[in-house]
Amino acid sequence: MFDIKENLKKLPDCPGVYMHKDKLGQIIYVGKAISLKNRVRQYFQSAAKSNPKVRAMVSNIAEFEYITCSTEMEALILECNLIKKYMPKYNVLLRDDKTYPYIVVTTTEDFPRVLKTRIIAKDGNRYFGPYSDARAVNQIVELLSNIYSLKRCSAKEFPLHFRPCLNYHINQCKGVCVGKVSKEEYRQSIDKVIEFLSGKEKPLLRSLEEKMQQASEKLEFEEAAKYRDYISSIKTISETQRVTMIHDKDLDVVLPVKDQQNSFIVLFTVRDGKLSGRETFQIQTDENDNRDEMVAEFIKQYYSQWAVVPPEILVESTPPDIELLEEFLSREGRKVRIFVPQKGEKKALLNMAQSDCIEMVKTLSEKAKSNQEKQTAIKAEIESVIREAGYTPADKQAYRIESYDISNTNGVDSVGAMIVFEGLKRIRKDYRRFKIKTIEGPNDYGSLQEMIYRRFKRAKAGDPAFIKIPDAIFMDGGQGQVTAARKVLIALGIDIPVVGMAKDDSHRTRAIVFEDGREILLRERNLLFKYAGTIQEEVHRFAIDYHRSLRSKNAIHSVLDNISGVGPTRRNALLNHFQTIETIKQASVEELMKVPGITESVAENIKEYFS
């Protein structure tokens, strides 16, 4: 098992993010630290003096994991990313969409603006960030707008005799509204802005330092102080934040790690420009296998099971047969590149990952042993449930468990969800979603039976997406759900154990329920209790997410369908072009007419409807 006392001694004295886990390996708390060594130790040395929430959390900590960072700012932003990803039980969780600010350059406009935003949209504009200092972002936006006299207003069209605003008269705007600057000249300024926001800040810093010095020599101290504040803001915002990259990219970092006994591959994932997680894979190697061969074999075996591979995979040295590997992973016109970054943000990301792996190697073997012990323990629990259901468990490394749930709003937009676990591991690539087609109204039993029938009918037909049969089904519910599922399986000639997971009045998992009404109370079966609760939470989340997305989609369609002249074809064309209703609302008549099938009269109807 994971020895907390021994691993506390191995903590590094450097910034980073730590993750506390329970007995099932679920992350229950994510925190950042200037010194991992000091911060994590505090939980176990002074828990008795802490508040009730911290004491409750510490009592549930079975192990911890950490990711080292170069600076406290890196740790802060990585902490934010991981909290949003894992939603840990003991963290304070934000329920709205607010996050760190970004800077956006509206490059889709003829005369782009530089703005602060907290929402990223795939609208063709250039986004930079996120940044942890909102005040510095405001100053940088103001600084760039002042230096380059950028347009600040939202107007996109300037008819004849258009009256310029105050910014033009006080020389803070070049006067694009009155034709004082061409698009080409204005774009040159925007190119310099983008160059600065991309990390090339030295030319601008030198210019500001010269102006500050000149103002100081002239005894214009207020002016010099303004330039001093600008320089300070630039240095703050330009600090390398490797854990969050610009340019909205997906990529992976694959690194080999060896200790005295075992070999591992560490996979860092970056999604939508954010470092969102780290996974460790233990691999079996021959003593003659080198690190590059480990990476090549991992890439082949791991990514071969995914339909979509990230377009870039960063490695520390070039693996053998790299051209063949890239061709193997490139599918449906999506080119995949495997390379060693030499400079810039990707090189910085690789360096951070390598530093973290140096710390990881100290504890990898112990974690592998601990994970194996947990897998063995949960395997024994599942076997006991299968036997109690009247079946003989197969001799497997990890049992495949499926669970199902129904979600609807008073019978409307009814959907079903299927999730899959193999031992403790979620098999997300095998999750499936179903639109309920034959059941009307709030009939969960009927909807459940339709979903299970369709799932196993496709398995019997040899559908590769459903071909794997579970070792047991854990239904979200009690005896009624178990009986409904068993009837369908018997009709299809399939005989596998089905049990229910019943909740008490407080919506906590209370018992494992069998078809004949027998129960296994989970009060004294802590590991099985946590396992069943994890399955219930996951299947419920997956069903609710699908139901919400379907309901939202239907609501969007109904809004557009209310507009005169907009039928299904034009509605779909508008959504394909603009992506969101909010973008359609903000579009001008001319922009709407660029959509195939949208005439001037229809475009005017759309503008009139939303106004």
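The figures here come from the full heavy-atom set of this structure, side chains too, leaving out hydrogens, waters and symmetry mates.
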Colleague: Do other residues, nucleotides or ligands put more than 12 heavy atoms under 6.0 Å from the CZ atom of Arg523?
Modeller: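 Counting other residues, nucleotides and ligands, CZ of Arg523 stays at 12 neighbours or fewer.
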Colleague: Go through the steps for His20 and Tyr90 under the test ring pair (Phe, Tyr, Trp, His ring centres under 6.0 Å), then give the verdict.
Modeller: CA-CA 10 Å; His20 292 316; Tyr90 290 100; 9.7 Å; no
Colleague: Do Glu65 and Arg278 come within less than 4.5 Å of each other through their side chains, counting heavy atoms only?
Modeller: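 Side-chain contact under 4.5 Å: yes.
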Colleague: So how far is it from Ile313 CD1 to Arg337 CZ, rounded to the nearest 0.5 Å?
Modeller: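 With rounding to 0.5 Å, CD1 (Ile313) is 12.0 Å from CZ (Arg337).
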Colleague: Show your working on side chain to side chain contact (heavy atoms under 4.5 Å, CB included) between Phe268 and Cys357 and close with a plain yes or no.
Modeller: CA-CA 10 Å; Phe268 294 81; Cys357 285; 4.0 Å; yes
Colleague: Start with the C-alpha gap between Asp356 and Thr68, add the side-chain angles, then the distance that decides, and say whether side-chain hydrogen bond (donor to acceptor under 3.5 Å, both in side chains) holds.
Modeller: CA-CA 5 Å; Asp356 186 61; Thr68 58; 3.2 Å; yes
Colleague: If only atom types and distance count, is the side chain of Glu293 paired as donor or acceptor with the main-chain N or O of Pro320 below 3.5 Å?
Modeller: no
Colleague: Mark yes when over 12 heavy atoms from residues, nucleotides or ligands other than Lys425 sit less than 6.0 Å from its NZ; otherwise mark no.
Modeller: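 No, not enclosed.
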Colleague: Heavy-atom distance under 4.5 Å between the side chains of Leu251 and Leu349, does that happen here?
Modeller: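 Of all side-chain heavy-atom pairs linking Leu349 with Leu251, at least one is under 4.5 Å.
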Colleague: Can you name the nearest heavy-atom pair linking Leu36 to Ile67, along with the distance?
Modeller: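 So the minimum-distance heavy-atom pair works out to CD1-O, 4.4 Å.
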Colleague: Is it the case that more than 12 heavy atoms not belonging to Lys503 sit under 6.0 Å from its NZ atom?
Modeller: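 Yes.
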Colleague: Using a 4.5 Å cut-off on heavy atoms from C-beta on, say whether the side chain of Phe64 contacts that of Leu8.
Modeller: yes
Colleague: Should Val295 and Ile265 count as side-chain neighbours, where that means a heavy-atom distance under 4.5 Å?
Modeller: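 Yes. Closest side-chain heavy atoms under 4.5 Å.
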Colleague: Would a distance-only check, ignoring hydrogens and angles, find a side-chain to backbone donor-acceptor pair under 3.5 Å from Thr107 to Gly124?
Modeller: yes
Colleague: List the atom of Val340, the atom of Thr318, and the distance in Å for their closest heavy-atom pair.
Modeller: CG2-N, 3.8 Å
Colleague: Could you check whether Phe196 and Tyr148 have their ring centres less than 6.0 Å apart?
Modeller: no
Colleague: Could you grab the distance from atom CD of Glu142 to atom OG of Ser145, nearest 0.5 Å is fine?
Modeller: 8.0 Å
Colleague: What are the two closest non-hydrogen atoms of Tyr227 and Met212, and how far apart are they?
Modeller: CB-CB, 3.8 Å
Colleague: Can you tell me if Lys226 has over 12 outside heavy atoms packed within less than 6.0 Å of its NZ?
Modeller: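 Result for NZ/Lys226: enclosed.
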Colleague: To the nearest 0.5 Å, what is the distance between CG on Asp405 and CD1 on Ile544?
Modeller: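 CD1 of Ile544 is found 7.5 Å from CG of Asp405.
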Colleague: For Lys530, run the side-chain contact (heavy atoms from CB on, under 4.5 Å) check against Asn60, Ile378, Thr509 and tell me which one passes.
Modeller: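 Considering Asn60, Ile378, Thr509, a side-chain contact (heavy atoms from CB on, under 4.5 Å) with Lys530 is found only for Asn60.
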Colleague: Give, for atom CZ of Arg510 and atom CG of Leu522, the distance between the pair rounded to the nearest 0.5 Å.
Modeller: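 Taking CZ in Arg510 and CG in Leu522, the distance rounds to 8.5 Å.
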Colleague: State whether the side chain of Arg126 and the backbone N or O of Val105 hold a donor-acceptor pair below 3.5 Å, judged by distance alone.
Modeller: no
Colleague: Flag yes if more than 12 heavy atoms outside Arg508 fall under 6.0 Å of its CZ atom; otherwise flag no.
Modeller: no
Colleague: As a quick check of understanding, evaluate side chain to side chain contact (heavy atoms under 4.5 Å, CB included) for Asp430 and Arg400, giving each step before the final call.
Modeller: CA-CA 11 Å; Asp430 288 348; Arg400 182 182 175 92; 3.1 Å; yes
Colleague: For the residue pair Asn125 / Thr108, report whether a side-chain donor-acceptor contact shorter than 3.5 Å exists.
Modeller: yes
Colleague: Charged N to carboxylate O below 4.0 Å: is that the case for Glu6 and Lys9?
Modeller: yes
Colleague: Can you name the residues that form a side-chain hydrogen bond (donor to acceptor under 3.5 Å, both in side chains) with Lys396, not counting sequence neighbours?
Modeller: Asp471
Colleague: Would you check if there is a donor-acceptor pair between the side chains of Tyr18 and Tyr43 at a distance under 3.5 Å?
Modeller: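 There is such a pair (donor and acceptor under 3.5 Å, judged by atom type) between the side chains of Tyr43 and Tyr18.
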Colleague: For Asp545 and Arg541: C-alpha separation, side-chain torsions, deciding distance, then whether side chain to side chain contact (heavy atoms under 4.5 Å, CB included) applies.
Modeller: CA-CA 6 Å; Asp545 286 351; Arg541 177 201 64 79; 2.9 Å; yes
Colleague: Test your reading of the model: is there a side-chain donor-acceptor pair from Tyr531 to the backbone of Gly423, 3.5 Å cut-off?
Modeller: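 Yes, Tyr531 side chain to Gly423 backbone: donor-acceptor pair under 3.5 Å.
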Colleague: Under 4.0 Å between a side-chain nitrogen and a carboxylate oxygen: does that hold for Asp22 and Lys89?
Modeller: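 Not counted as a salt bridge, because no side-chain N and carboxylate O are separated by less than 4.0 Å.
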Colleague: List the atom of Ile427, the atom of Tyr431, and the distance in Å for their closest heavy-atom pair.
Modeller: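 Minimum heavy-atom separation between Ile427 and Tyr431: O-CD1, 3.3 Å.
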Colleague: Is any side-chain heavy atom of Leu205 less than 4.5 Å from a side-chain heavy atom of Ile231?
Modeller: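 Yes. Closest side-chain heavy atoms under 4.5 Å.
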Colleague: Can you say whether the rings of Tyr303 and Phe298 are parallel (under 30°), tilted (30 to 60°) or perpendicular (over 60°)?
Modeller: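 Because their plane-to-plane angle is over 60°, the rings of Tyr303 and Phe298 count as perpendicular.
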Colleague: Got a second to check how far Tyr86's OH is from Lys21's NZ, nearest 0.5 Å?
Modeller: 7.5 Å
Colleague: Quick one: are Leu350 and Leu255 in side-chain contact, heavy atoms under 4.5 Å?
Modeller: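 Yes - at least one pair of side-chain heavy atoms lies under 4.5 Å apart.
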Colleague: Looking at every heavy atom in both Pro319 and Ala296, which two are closest together, and how far apart are they?
Modeller: CB-CB, 4.1 Å
Colleague: Of the non-hydrogen atoms in Glu79 and Lys32, which two are nearest, and what is the gap between them?
Modeller: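 Taking every non-hydrogen atom into account, OE2-N, 3.5 Å.
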Colleague: With heavy-atom distances below 4.5 Å as the criterion, would you say the side chains of Arg426 and Thr534 are in contact?
Modeller: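 In contact.
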Colleague: Roughly how far, to the nearest 0.5 Å, is the CD1 atom of Ile382 from the CD1 atom of Ile401?
Modeller: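 Between Ile401 CD1 and Ile382 CD1, I get 4.5 Å after rounding to 0.5 Å.
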Colleague: Can you tell me if Gln536 uses its side chain to pair, donor with acceptor, with the backbone of Met501 under 3.5 Å?
Modeller: yes
Colleague: Charged N to carboxylate O under 4.0 angstrom, Arg206 versus Glu209?
Modeller: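 No.
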Colleague: For the CD1 atom on Ile34, are there more than 12 heavy atoms of other groups (residues, nucleotides or ligands in this structure) within a distance under 6.0 Å?
Modeller: no
Colleague: Side chain to side chain contact (heavy atoms under 4.5 Å, CB included) between Tyr127 and Thr117: does it pass, once the steps are laid out?
Modeller: CA-CA 9 Å; Tyr127 289 85; Thr117 182; 3.9 Å; yes
Colleague: Do the non-hydrogen side-chain atoms of Glu537 and Gln26 ever get within less than 4.5 Å of each other?
Modeller: no
